[in-house]
2 protein chains.
Amino acid sequence: MATIKDVARAANVSIATVSRVLNNKSGFSEDTRKAVEEAIEELGYVPNGVARGLISKRTNTIGLLVPALSSMLVSEMVSGIERIVHEQGSSLIVCHTESNGKKTMQYLQLLLAKQVDGIIFTSGVLLQEYYQMIERSGIPLVLLSTESLHLPVPSVKVNDRLASFHATEYMIQHGHKKIGMISGNRNDMIAGVPRVEGFRMALSSHQIHFEESMIASHRGFSYIDGATAFRKLMTDHPDITAIVAASDDMALGMISEAFKMGIKIPEQVSVIGYDNIPICNVSIPPLTTISQPVAKMGEVAAKMVLDMIHGDEKQESVVFPHEIIERQSVKKMN
Amino acid sequence: MATIKDVARAANVSIATVSRVLNNKSGFSEDTRKAVEEAIEELGYVPNGVARGLISKRTNTIGLLVPALSSMLVSEMVSGIERIVHEQGSSLIVCHTESNGKKTMQYLQLLLAKQVDGIIFTSGVLLQEYYQMIERSGIPLVLLSTESLHLPVPSVKVNDRLASFHATEYMIQHGHKKIGMISGNRNDMIAGVPRVEGFRMALSSHQIHFEESMIASHRGFSYIDGATAFRKLMTDHPDITAIVAASDDMALGMISEAFKMGIKIPEQVSVIGYDNIPICNVSIPPLTTISQPVAKMGEVAAKMVLDMIHGDEKQESVVFPHEIIERQSVKKMN
DNA sequence: TTGTACGCGTTATCAT
DNA sequence: ATGATAACGCGTACAA
């Protein structure tokens, strides 16, 4: 690989001059510019970003921590983030932590070592341990699809509890009285707890009867979890007419299971999902669901770190509005 | 941020000694090790990877070029790649090129500047322009889900043509005689051309009548493309009993469209997809499809670059076997 | 066992 | 307008 020295030699100037034309620093004649540019072209010279980073203390790199990569939701986020980051001339290092504390610490160490300019932490609980490490390094941090109640870290998210509340209320407004919930992991502080809370709050604020067994939860949020949870729910409460699902995957799994059980959707049981993954459009029936502007959220989070990097101090957290996408999986009761 | 100097001062040793314990280079007493380690702990010191990279000429970073991020298939690949890369102590910079030549060149420039140790180029045509740039820099390169016929670059992929051939043959073996294809972008050298070729070869090798209009193609490979292509196909050839789709998304879109048109799947029309995205399990009916071991392929590609980085010269290209996942979207004809 | 000093490729501060 | 040179943080040959 050619270095600035090679260019200098080929152009018969000093490295200082090469550096000047490279960075448009003014202080060189048109002739030398040409000579230098020719030499650069000739040698296929590309400035060494590592050396630049060493002196400028900027790597133009930002680190992204996600629990998993192979989910539509996360993909969209990453896509949005990457777009903005690249637009601003930086690049993105992705780390998938599998929600594993040890791995996360490892990745954090790595990102610090790599001298990333900023960090985006996604969909998980920001442990003290993580925070201290980042705080100590002084690297700007923003939370995406999660938040910290007691730590001063800006975040970008939707109000999950409210979204779940609305989803449930939507069922109530459609005349449903016996409503069950298919929840994912109830210990999940992001997608578990708040959605269950929203569900319960909606029922109680409309004075609808509720018992604990009307919430069927499982390990995860996958369609298999949805299928098994649904079966359990229907054996305990065969008179349920509406289901609030904690994810589209679960809702889809539930639909599939209903099909096997001979239960018609939405004629016999209505269902509303959560996430608005693309497949909702083409499921049978098309799935009514809660949508978050995921890509947009990623973009905003990216902008936030970048702004912080550029010195704009602490940013305000932003809560994005969710939206109910009405399709055909909810039937109006009379 | 604390530097090695700070640690040296705090531990009352020279930076050389700190460096030694840091890298386990032997040549220091147990006492000094302790002193140094305490100082490191105390200061929360993390070695500066940028400085290390400058001297070692290794950044422990590999660059990944993908056309798009928000597709299940790509996500899985990225996931597999990231796993291996991280296992080996490196990290991954993702770039989504949107199959745009200009953007790709930009990204390439960026990756060279960042001094990545290796590059994985995914699902697209490796232009001369790209190759020359990378070749010139001497950075190891491997192709994933694509290949180059005339350039000496190792690749990891499945045989798309063969897979499509088998998918078509599968229909033939199930007694179908009037078979149509829903292709994506026919100019796509990766997912377009080879799959259409495989389709035609299967028909002709079984001496089944074929006309050009039995291949309906569209811009992309999405479910909307699938839906519109299917409608076109059925108006031209209402007697078709089987469809080979170039992607699961298209197959799913086609199923949805068939539903609207009152056509029963698979009773009236059978369909086989391509990709085996998770949703195939729960579509109605569950979708028979071609599966590639995507995550595995990503892992292997990652291993290949890493090996090349570690000096293992040119690697052999590997072609992974595809697999037909039998579900319920294909009916046996009598 | 330990320390000194040079170099990695670049930018920036002085001179000239 | 241009050049010499000192940093940036680290690894390492060499000296002690």
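Just so you know, these numbers use all the heavy atoms, side chains as well, and skip hydrogens, waters and symmetry mates. Each chain gets a letter, A, B and so on, in the order its sequence line appears, and its residues count up from 1.
A sub-4.0 Å separation between OP1 or OP2 of dA1(D) and a side-chain N or O of Thr32(A) is absent. Contact annotation: Lys25(A) side-chain N/O to dT11(C) OP1/OP2 distance is not under 4.0 Å. Regarding contacts with the backbone of dT1(C), every side-chain N or O of Thr17(B) stays at 4.0 angstrom or more from both OP1 and OP2. In this structure, Lys5(A) reaches the dC8(C) phosphate: one of its side-chain N or O atoms is under 4.0 Å from OP1 or OP2.
In this structure, Ile15(A) places its CD1 atom 8 Å from C1' of dG9(C), rounding to the nearest Å. Going from atom CG of Asn23(A) over to atom C1' of dT11(C) covers 8 Å, rounded to whole Å. Atom-to-atom, CZ of Arg20(A) to P of dC14(C) comes out at 14 Å; the value is rounded to the nearest Å. Rounding to whole angstrom units, CG of residue Leu22(A) and P of dA12(C) are separated by 12 Å. Remark: P of dG3(D) and CG of Asn12(A) are 9 Å apart, rounded to the nearest angstrom. We find that CZ of Phe28(A) is positioned 13 Å from P of dT11(C), with the value rounded to whole Å. Ile4(B) has its CD1 atom 13 Å from the C1' atom of dG3(C), to the nearest Å.
Contacts between residues 34-59 of chain B and DNA chain D, counted as heavy-atom distances below 4.0 Å, involve Tyr45(B), Pro47(B), Asn48(B), Ala51(B), Arg52(B), Ile55(B).
Residue Ser29(B) has its side chain nearest to dT1(C) when only dC10(D), dA4(D), dT1(C) are considered. In the set dC10(D), dT2(D), dG9(C), the nucleotide with an atom closest to the side chain of Thr3(B) is dC10(D).
Looking at Ser19(A) and Lys25(A), their side chains never bring a donor and an acceptor atom within 3.5 Å of each other.
The closest donor-acceptor contact from the side chain of Thr122(B) to the backbone of Leu65(B) lies under 3.5 Å.
Comparing Met1(A) and Val13(B) against DNA chain C, the residue whose closest nucleotide sits nearer the 5' end is Val13(B).
The distance between the ring centers of Tyr107(B) and His86(A) falls below 6.0 angstrom.
In this structure, Phe221(B) and Asp188(B) have side chains that are in contact, with non-hydrogen atoms separated by less than 4.5 Å. Residues Thr3(B) and Asn48(B) form no side-chain contact, since every pair of their non-hydrogen atoms from C-beta on lies 4.5 Å or further apart.
With salt bridges taken as basic N to acidic carboxylate O contacts below 4.0 Å, one links Glu37(B) and Arg33(B). Ion pairing between Arg9(B) and Asp6(B) holds under the 4.0 Å rule for side-chain N and carboxylate O.
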